[in-house]
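Taking it in order: structure first as structure tokens, then the write-up.
Residue numbers start from 1 in every chain, and the chains themselves are labelled A, B, ... in the order their sequence lines are given, proteins ahead of strands.
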2 protein chains.
Amino acid sequence: MTDIFFDVEKHSDHQKFLKGMELLYFAYRDFISWPDDVLQTLGFGRAHHRVLHFVGRNPGLKVAELLKLLNITKQSLSRVLSTLVEKGHIRQDIGAQDRRQRLLYLTDQGKILLNKVAEHQKDHMLKAFNNAGTQSVEGFWHVLSALIADENRDDILSQINRDMGE
Amino acid sequence: MTDIFFDVEKHSDHQKFLKGMELLYFAYRDFISWPDDVLQTLGFGRAHHRVLHFVGRNPGLKVAELLKLLNITKQSLSRVLSTLVEKGHIRQDIGAQDRRQRLLYLTDQGKILLNKVAEHQKDHMLKAFNNAGTQSVEGFWHVLSALIADENRDDILSQINRDMGE
DNA sequence: AAAAATATGTCAGTCATGTTGACATATTTA
DNA sequence: TAAATATGTCAACATGACTGACATATTTTT
């Protein structure tokens, strides 16, 4: 376990950078590479998955807020969101105070789909967390938080900290 | 610093999963969102950057090996690699033992470009590492390694561990 | 020596996801 | 009433992936 591979002190700055970047690249790639199976059958892709995820995490999310989380234009979102609404996975309610707003919710069908998709990823991540150990997970979270752009960090961390259910 | 946000033990499995996934998503997004400026001016995109990176890291890399690292088809690689060769950033030498192979190297011009592009990312990551601290970086690496798909882990870790220069 | 396998490249068509720009509609605010 | 805001939509385009089919040079097998 005192593997030299993980001994940060034995790395130059450049080596730390390379190792961090490549590990991040490969880990991210392998982590998001799977959901396709479930979604592809329904004609959905990653974009749909992201929308399902954020709406599931933030019931009543406004379209403008979703756009900010996704960092895309409304035109890009449009296609994806429309099909999810058409196929009955997402419901749009008219805002109570402001009737211009559309508040987004998962339908029961949408919840089922999201659960099915999340299951694999959840297993994947929890297995990794267990293998790495609690201490490492804490470090993982710390570094990831530090990697978020300064202008975004506060917003994003409080978004992540929203009611996590269960 | 004993922030409840980072206290892993205080999280249910589902909460660990959500926090890990969302942090990974936002951190990755912000980390790779920048190189565009430098590359876009030259008509290059992320795909070109990845090729420059891996060829830079593995001088003499064979095309087949590059394809495996990138996880894409040769047709996809073709356009990207061709333009990099045309514009003088990458050189293809014929294999010494096996003349069918093309061994890839950065030209001096390619090295300059890659350095320029890597500079920002390197600052970004090292700043995050310094803010998070050595202990956290080690945990970061551990978790990322664990997140790599089992079938790929050995190959990838030894790839990452290749001569890291400097 | 001929046949099969391998490493690479290329043409052509398609798809998913992002972009801009222009405009439309409903609703709220000034 | 006029202006601002939240959302949606049409059209054109870019990037980076994909599949399928085929070509060429070279090495390996028979």
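Comparing dA17(D), dG8(D), dT10(C) against the side chain of Ile72(B) picks out dA17(D) as the nearest. In the set dG9(C), dA17(D), dG18(C), the nucleotide with an atom closest to the side chain of Arg50(B) is dA17(D). When each of dC18(D), dG18(C), dG16(D) is scored by its nearest atom to the side-chain atoms of Arg79(A), the top-ranked nucleotide is dG18(C). Proximity note for Leu81(B) (side chain, C-beta onward) versus dT19(C), dT8(C), dG9(C): the nearest is dG9(C). The side chain of Val63(B) has dG9(C) as its nearest neighbour among dG9(C), dT9(D), dC18(D).
Residue side chain Gln75(A) reaches the base of dG21(C) through a donor-acceptor N/O pair under 3.5 Å, judged by distance alone.
Here dC15(C) presents its P atom at 15 Å from NE2 of His48(A), a figure rounded to the nearest Å. With rounding to whole Å, Leu77(A) atom CG is found 13 Å from dT9(D) atom C1'. Atoms CG (Asp93(A)) and C1' (dT27(C)) sit 17 Å apart, rounded to a whole Å. Counting to the nearest Å, the C1' atom of dT19(C) and the CG atom of Asn71(A) are 13 Å from each other. A straight line from CG of Leu67(B) to C1' of dG9(C) spans 11 Å, rounded to a whole angstrom. Across the protein-nucleic acid pair, Leu84(A) atom CG and dA16(C) atom P stand 14 Å apart, rounded to whole Å. Between the P atom of dG9(C) and the CD atom of Gln101(B) lies a distance of 11 Å, rounded to the nearest Å. For Leu70(B) and dT8(C), the CG to C1' distance is 15 Å, given to the nearest whole Å.
Closest approach of Gly56(B) to Leu106(B), counting heavy atoms only: CA-CD1, 3.5 Å.
Mapping Lys62(B) and Thr73(A) onto DNA chain C via the closest heavy atom, the residue that lands nearer the 5' end is Lys62(B).
Under the 4.5 Å side-chain criterion, counting only non-hydrogen atoms from C-beta, Leu103(A) is not in contact with Ile94(A). Between Met21(B) and Phe31(A), the closest side-chain pair of non-hydrogen atoms falls below 4.5 Å. Using a 4.5 Å heavy-atom threshold, the side chains of Leu114(A) and His49(A) count as touching.
Remark: side-chain polar atoms of Glu65(A) are paired, donor with acceptor, to backbone N or O of Lys62(A) under 3.5 angstrom.
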Just the table, please: protein N/O against nucleotides 23-27 of chain D N/O, every pair under 3.5 Å.
unit_1, atom_1, unit_2, atom_2, d
dT26(D), OP1, Arg99(B), NH2, 3.2
dT27(D), OP1, Arg99(B), N, 3.0

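For Lys19(A) and Phe5(A), the positive end sits near the middle of the six-membered ring, less than 6.0 Å away and at most 45° from its axis.
Not one side-chain nitrogen or oxygen of Ser76(B) sits closer than 4.0 Å to the OP1 or OP2 atom of dG16(D).
Using modelled atom types, one finds no donor on one side chain facing an acceptor on the other under 3.5 Å when comparing His142(A) with Gln135(B).
Using a 4.0 Å heavy-atom criterion, one finds that Gln92(A) contacts the sugar-phosphate atoms exclusively.
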